[in-house]
Each structure stands twice: as structure tokens, then as C-alpha cells.
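Have a look at the structure below, then the notes.
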There are 2 protein chains.
Amino acid sequence: MKIAALSAASGLSLPTLKFYLREGLLHPGQSTAVNQAEYDQGHLRRLRLIRALSELGGLGLADIRRVLAAVDDEDRPLHDTFGVAQDAMAARPHAPSPAARAATDRFIHRHGLRVRPEAEVRALLAESVDALHDFALCGPAHDHDAVAAALDPLLPETLAAADRALASVPAAAPRGEQLLVTVVGTIAWEAALLALRRLALEHASALRAAPPRAG
Amino acid sequence: MKIAALSAASGLSLPTLKFYLREGLLHPGQSTAVNQAEYDQGHLRRLRLIRALSELGGLGLADIRRVLAAVDDEDRPLHDTFGVAQDAMAARPHAPSPAARAATDRFIHRHGLRVRPEAEVRALLAESVDALHDFALCGPAHDHDAVAAALDPLLPETLAAADRALASVPAAAPRGEQLLVTVVGTIAWEAALLALRRLALEHASALRAAPPRAG
DNA sequence: CATTGTGGATAGTGAAACTATCCGCTCTCG
DNA sequence: CGAGAGCGGATAGTTTCACTATCCACAATG
């Protein structure tokens, strides 16, 4: 497969492919001459991964590069790599309030969750706790801990779902395959759950606005 | 409150406030002279809303403007406004495959969900169905409908949760308040649920990597 | 052997979200 | 009352991001 074929197969413009090659997001093809190279299914898979991270996950190219680097590092243990990928996926200019951050950390500790102290996801959760608190979305006159506590009833089912998700990854599959399933699975399922939730909200809102006539 | 005070209270730089005023995201203050104006708590609330939409929801200023316009249009029915806000929140360069789109539409019809035919959320869901399908994340050899069907068991609880969320909005509250709760609530809860899910994934991954010693 | 395609390099583009200056006026404080 | 800080309004500049366009010398192909 030459670059034009890769472009056609991936749906990405030829200049974009060259750009990704330059940036190191896509590894060079197998050289057949000084100015000719051959691309394969691996390149196509890589491109689908990049697009999924970009479009579905909303990641910038810099963060995508970090995810790819972690995925490519064969010596890295699986869990470790997943952590790096998670951090890259959460990378944003976070600025949760110290109070929200502390409440979040207490929430994690209280439930005995094994989450790295430096994991970005802590800031991610703290940010939303801040918003729920600031807009009094968990009822009025609550502190950050009370807001975090509102998440308590959701945790068991969320933990069970996460465990099921990881259990569905075939343990015998090669490392790259397992990572792809966990990393892309994370963002694809997230996107699906979000969309489902919004669907449900629109439906519920429609019902309230104009209830179906009984009978 | 003069603009410098508004800047201090909101944490946004003075040039940024001027920029928002220019862009019409923030309504002008009450003029007290040709070059003096007074700002109030309403401006502060508006700024918090803008920042929540931007940082938490990841919306661009153009989409934020659409949300604000819908919220500001007092004559618009509540459900209608929520639809506009939802569409703005989902606005991205979507390009789901026709197959995924069709499967999504069938999913919605099959469950009798009242979702506008033109609602952006359909494309949102279709996109994730595409990804789940492309990466065979619902098991191999399935078509788009089978992938969508994997969401079936999640729907009842999601619908119930959406109904609870809307039920928690005080019906007696003024329109602006109700909208704030639904719009900000939508994105803040989304962010919280996502973070919770990632927390659970990291925890589950850690358990698999190094199970706690029994005893 | 002419056309088309290719890898590699360099430079340019357009959108997005601010940021910096300037100006003439006004409020405030000594 | 007068100086200086602060203000609104306007114009222009900056940075980052993710591409996109050109150019080149050379290979592949009909």
C-alpha cells in the first residue's frame, strides 16, 4: 500500500498523513527506495486509533502522542501504561479549588480506591465537584464533602461496570490488543454513555413538556 | 461593582472581560456615565456559567453564545430551550457512518424515545456506535444494530436517572433558574460521572495488576 | 520516455481565544 | 482643584493548534 492508497483507505488527506509522519504520530513505512515506502494494515489501525482519540476523545495531538508513546513502549506493564493513557486523556488546564480537591481525595480514601495520588482523574473529579457545589446542584448549603458524598450510591454499580469492562478484555490477547481495547474502549464507552444519558434527558424533558395522553 | 472588581471576583483577566463584552457573551453593565458602568451579581453568575460551559463542557465560545441566546430568550418554552442547549453542547464535526446513524435511529424508535429527528445527540450516539463497531468492542462480527443493542440493558436505569435529575428541578423556580440547573446540571453531572467511571477503571486495573493479598 | 506519484523539507493558512495598546474621559484622593 | 489612576471603547497583535500548500529531485509506470 502506497501513501495514496493509505489516504484513500483512511479517509485522511495526503497532506495530513505527511503531517502525522513528520510529527511522529505515524511510524514511517517500509522503504523500498530513496523516495518510496510501503504502508500496511498496522498504519491503518494506527490512524483509526489517532482519529478515535482525536474526534471521540477530544484529545489534542500532543496528548495523543503521549498515549501512543505509552502504548508503544512494550516494556511497560499494562496497568502502568493504562495510567499514562488515562492521564493523557484527562489532560486539561485543571484548576479545582483546594477544598474540592481535598474532598475528592477523602472520597477516594474513604472508599479504599486504589488510585495513584498524582492521577489526573482526581483533578477531573474535583473540578466537577466544584461545579456541582458552586451551582448548588446537590441541594443548597452543602460543603464539598457533601457533594462528593452524593456520588456514594453510584459507586458500587460503577465499580462493577468497570470490572466487567476490564474482564471483557481477553487475557490471552497480545499486549497491543489489550491496550487498544482498554484505551479506545474507555473513550468509546464514555461517549456512548454520555450520548445515552443525553438521549434520556431529552426524552424525559419531552415527557414533562407534553405528557402522552393516557389511554 | 466596577469592572476591576468583577475581574477580581470572577478570576478572569480584565482584557478577557472586555473581550466577552465585545463578543456579547456578557451583557453591558449599567452605565453611570459615558465611560463608566456598574456590574452586579448577575454578571458574576453569567461569567460562572460561561466558564462552566467552557471548561467543564469543553464548548467553544460560538456554541456558548448559542446556549446563552436560548437561555436568554424568555419566550421560548423550557423544553425547547433545553433542546437548543443540548444541540449546542453536542456541536462538533460529526461524521457518523450512515449505517451507524440508521442503527441509532432504529434504537431510538424501538424504545419509543421522544427525541427530535434533528437532535444532535443522535449523531453523537451514532459516532460512538461507529467506534464501538470499528474496534469490535462489543465482541467480534456484529453489525451496528447489534452494537446499539448492547446499550439496551443500560437504558432503563439511564432513563430513570434522567427522570430523577429533572424531577429534582424545583418546578416553582423561575425559568432562568430551572434552565441553569438543567443545563449546568447536565454537563456537571456528566463530568462527574465520567470522572467516577475513570476512577473505577483505574481502581479495577490496579486490582488486576496487583491483587490485594488475601487474609 | 513522458507523466504521475513519492518522500522530505519549508512555509503558509485559518480558526479560536485571548492579550496589548491607545485614546479621551471621569472619578477619586490629597 | 488638580494629578493620577481607572474606565469604556476601539483597533491591532499574539499564541496555539491542526492542518494545508508548494517545491524539489527522483522513482515508478504505462
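Every chain is numbered from 1 and lettered A, B, ... according to where its sequence line falls, protein lines coming before strand lines. Quick note: numbers below take in every heavy atom, side chains included, and nothing from hydrogens, waters or symmetry partners.
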- Message: Near DNA chain D, counting only heavy atoms under 4.0 Å, which residues of residues 36-61 of chain A show up?
- Response: A:Gln36, A:Arg51, A:Gly60, A:Leu61
- Message: Assess whether a salt bridge exists between B:Glu202 and A:Arg116, defined as any Lys/Arg side-chain N lying under 4.0 Å from an Asp/Glu carboxylate O.
- Response: yes
- Message: Whole angstroms only, please: what is the CG-P distance between B:Asn35 and D:dC7?
- Response: 10 Å
- Are A:Arg198 and B:Glu190 close enough for a salt bridge, meaning some N to O gap below 4.0 Å? yes
- Query: Under a 4.0 Å N-O cut-off, is there an ion pair linking A:Glu74 with A:Arg175?
  - Reply: yes
- Item | Contact list for DNA chain D against residues 5-33 of chain B - heavy-atom distance below 4.0 Å | B:Lys18, B:Arg22
- Message: Treating B:Arg106 as the side-chain partner and B:Asp145 as the backbone partner, does any N or O pair qualify as donor plus acceptor under 3.5 Å?
- Response: no
- State whether a side-chain donor-acceptor pair under 3.5 Å links A:Asp130 with A:His144. yes
- Side-chain atoms of B:Ile3 come closest, of D:dG8, C:dT6, D:dC26, to D:dG8
- Query: Roughly how far apart are A:Leu113 CG and A:Asp105 CG, rounded to 0.5 Å?
  - Reply: 11.5 Å
- Query: Looking at SG of B:Cys138 and CG of B:Asp143, how far apart are the two atoms once the value is rounded to the nearest 0.5 Å?
  - Reply: 11.0 Å
- Task: Answer with yes or no after comparing the ring centroid distance for A:His133 and A:His142 against a 6.0 Å cut-off, counting only values under it.
- Result: no
